[in-house]
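Proteins get letters first, then strands, A, B, ... in listed order; numbering begins at 1 in each. In this text the structure is predicted, and so the values were computed from the model without any measurement.
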2 protein chains.
Amino acid sequence: MKLSKHTDYAFRSLIFLAGQPPGQRVTIQDICDFYTISPNHVSKVIMQLVRRGEVESVRGKGGGLSLARAPEEISLLDIVREFETTLQPIDCAEQPCRIIGNCALQGILGSAVEAFLESLAPYTLADITSSEVQVLRLQAD
Amino acid sequence: MKLSKHTDYAFRSLIFLAGQPPGQRVTIQDICDFYTISPNHVSKVIMQLVRRGEVESVRGKGGGLSLARAPEEISLLDIVREFETTLQPIDCAEQPCRIIGNCALQGILGSAVEAFLESLAPYTLADITSSEVQVLRLQAD
DNA sequence: ACTAAAGATGCATAATAAATGCATGTTTTG
DNA sequence: CAAAACATGCATTTATTATGCATCTTTAGT
């Protein structure tokens, strides 16, 4: 039971963007250099964030990326919901299960996932980027 | 974010066993026939349950499987803990992350997993096998 | 003692999903 | 018009999961 790297990369990209001085644009390359991950991947993740309205991208020479919203307005729950392809702990329909209809397991597991998500709900990007130290580190490249 | 089939098979096997009349033994083959899944897999899952003391196995001719404990004493949380290979939503150590030390994300995700597990804690096998109807269905083969 | 039933276990293979890389297109500034 | 930088699709690789095969061990019944 773990989250996909897409989700991971989304978080990291957002953290990096949040660590920039206001108005500063960074390229996908910058993000990849910092974390040593593949540009192709980050590119796709960023695209999703752009479509969702969390990141602003400017194309062409001199372009780049920046946060489109304040970190306080970017919910960690939303990110998980966006990038996790499945949030069903067990897919009972995948292979036909003969207990269907009387099985309470689905409900119990479903509410456990709900508890997981609920627990993320109060947090925003601001909560994971508040440290001054971290911002300094992000610049120190 | 989903659970492995091992966990799924463990739940199903336990449900099937709990649905048997007291003293009745069933073979791995019975379980596989009922759910149409592979004996090899179930065999390994059952072994883990035997080692943990949830299932009793009798080898040799006329042998078979039965619950070693009352369903009320078999915790769903224990099963998930046993069969999920990883309960870390993001493995920060896998690829070195430059934010380590200042990143609050790990803590937040960690407590979300805790919430997931906590939510399972109150339930036992009895909670997912209480329906009379289900027991009837399990026999009706 | 022998045979068949049934669990126990290790190894090899296949299937699936995730991750990565390559190639190419599009937009925009200078 | 050239270069920078985002945008996107496709192919390949990798890793994990799932499955299947082969073999061993135990035990009841004859």
Side-chain angles (χ1 to χ4, degrees), chain A residues 1-13 16-17 24-33 35-68 83-91 94-95, chain B residues 1-13 16-17 24-33 35-68 83-91 94-95:
Chain A
M1 202 190 78
K2 62 179 182 183
L3 300 175
S4 76
K5 291 219 166 164
H6 269 71
T7 311
D8 185 9
Y9 293 166
F11 278 132
R12 295 211 214 183
S13 300
F16 187 81
L17 289 173
Q24 174 81 39
R25 283 196 197 117
V26 303
T27 67
I28 288 176
Q29 197 56 51
D30 292 336
I31 298 175
C32 296
D33 288 349
Y35 292 115
T36 337
I37 49 184
S38 155
N40 308 286
H41 241 65
V42 174
S43 189
K44 279 149 206 170
V45 168
I46 290 288
M47 272 302 84
Q48 257 177 284
L49 291 170
V50 168
R51 269 184 236 114
R52 286 182 49 82
E54 265 111 15
V55 170
E56 189 175 41
S57 86
V58 177
R59 293 173 76 151
K61 197 171 178 177
L65 309 164
S66 57
L67 284 186
F83 288 94
E84 286 306 298
T85 51
T86 172
L87 284 172
Q88 272 192 305
I90 286 183
D91 185 356
E94 184 187 326
Q95 51 181 326
Chain B
M1 202 188 79
K2 63 177 181 181
L3 300 175
S4 77
K5 291 219 168 165
H6 269 71
T7 312
D8 185 10
Y9 293 166
F11 278 131
R12 295 211 215 182
S13 299
F16 187 80
L17 288 173
Q24 173 81 40
R25 284 197 196 116
V26 302
T27 67
I28 289 177
Q29 198 55 50
D30 292 336
I31 299 175
C32 297
D33 288 347
Y35 292 115
T36 338
I37 50 184
S38 153
N40 308 287
H41 241 65
V42 174
S43 188
K44 279 149 204 170
V45 168
I46 290 288
M47 271 302 83
Q48 258 178 284
L49 291 171
V50 168
R51 269 185 237 112
R52 288 181 47 84
E54 266 110 17
V55 170
E56 190 176 40
S57 85
V58 177
R59 296 174 74 153
K61 194 168 180 177
L65 310 164
S66 55
L67 284 187
F83 288 94
E84 286 307 298
T85 51
T86 172
L87 284 172
Q88 271 192 305
I90 286 183
D91 185 356
E94 184 187 327
Q95 52 182 328

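- Distance from the side chain of A/Thr27 is smallest to D/dA5 among D/dT8, D/dA5, C/dA19.
- Proximity of B/Ser38 to the phosphate of D/dG20: a side-chain N or O atom is located under 4.0 Å from OP1 or OP2.
- In this structure, B/Asp30 places its CG atom 13 Å from C1' of C/dG7, rounding to the nearest Å.
- Distance alone, capped at 3.5 Å, is enough to place a donor-acceptor pair between the A/Tyr35 side chain and the A/Arg12 backbone.
- Taking the nucleotide of DNA chain D with the nearest heavy atom to each of A/Ile28 and B/Lys44, the more 5' of the two is matched to A/Ile28.
- Donor-acceptor pairing under 3.5 Å, judged by distance alone, is present between the side chain of B/Arg59 and the base of D/dT25.
- Summarising the geometry, the separation between CD on A/Glu84 and C1' on C/dA18 is reported as 12 Å, rounded to the nearest angstrom.
- One can place CG of B/Asp91 at 10 Å from P of D/dT16, the figure rounded to the nearest angstrom.
- Sequence order on DNA chain D of the closest nucleotides to A/Leu65 and A/Lys2 puts A/Leu65 first from the 5' end.
- Distance NZ/B/Lys2 to CG/A/Leu87: 11.5 Å, rounded to 0.5 Å.
- Rounded to an integer number of Å, the gap from CD of A/Gln29 to P of D/dA3 is 18 Å.
- Between the side chain of B/Glu84 and the backbone N or O of B/Ser4 there is at least one donor-acceptor pair closer than 3.5 Å.
- The residue among A/Lys61 and A/His41 whose nearest nucleotide of DNA chain C lies closer to the 5′ end is A/His41.
- As judged by a 4.0 angstrom heavy-atom cut-off over every strand, A/Val26 is placed among residues touching the sugar-phosphate backbone only.
- Between C/dT29 and A/Arg25, no contact under 4.0 Å exists linking OP1 or OP2 to a side-chain N or O.
- As rounded to whole Å, 18 Å separates atom C1' of D/dT16 from atom CZ of B/Phe83.
- With C/dA19, C/dA23, D/dG20 as the choices, the nucleotide that has an atom nearest any side-chain atom of B/Asn40 turns out to be D/dG20.
- For the pair B/Tyr9 and D/dT17, the criterion of a side-chain N or O lying under 4.0 Å from OP1 or OP2 is not met.
- Rounded to whole angstrom, the span from the CD1 atom of A/Ile37 across to the P atom of C/dA19 amounts to 11 Å.
- Comparing atom distances between the A/His6 side chain and each of C/dG7, C/dA19, C/dA23 picks out C/dA19 as nearest.
- Between the CZ atom of B/Arg51 and the C1' atom of C/dG7 there is a distance of 12 Å, given to the nearest Å.
- Judged by distance alone, the side chain of A/Asp30 and the main-chain N or O of A/Thr27 form a donor-acceptor pair under 3.5 Å.
- What separates CD1 of A/Ile31 from P of D/dA5 is a distance of 13 Å, to the nearest Å.
- Atom CD1 of B/Ile28 is separated from atom NZ of B/Lys44 by 10.5 Å, given to the nearest 0.5 angstrom.
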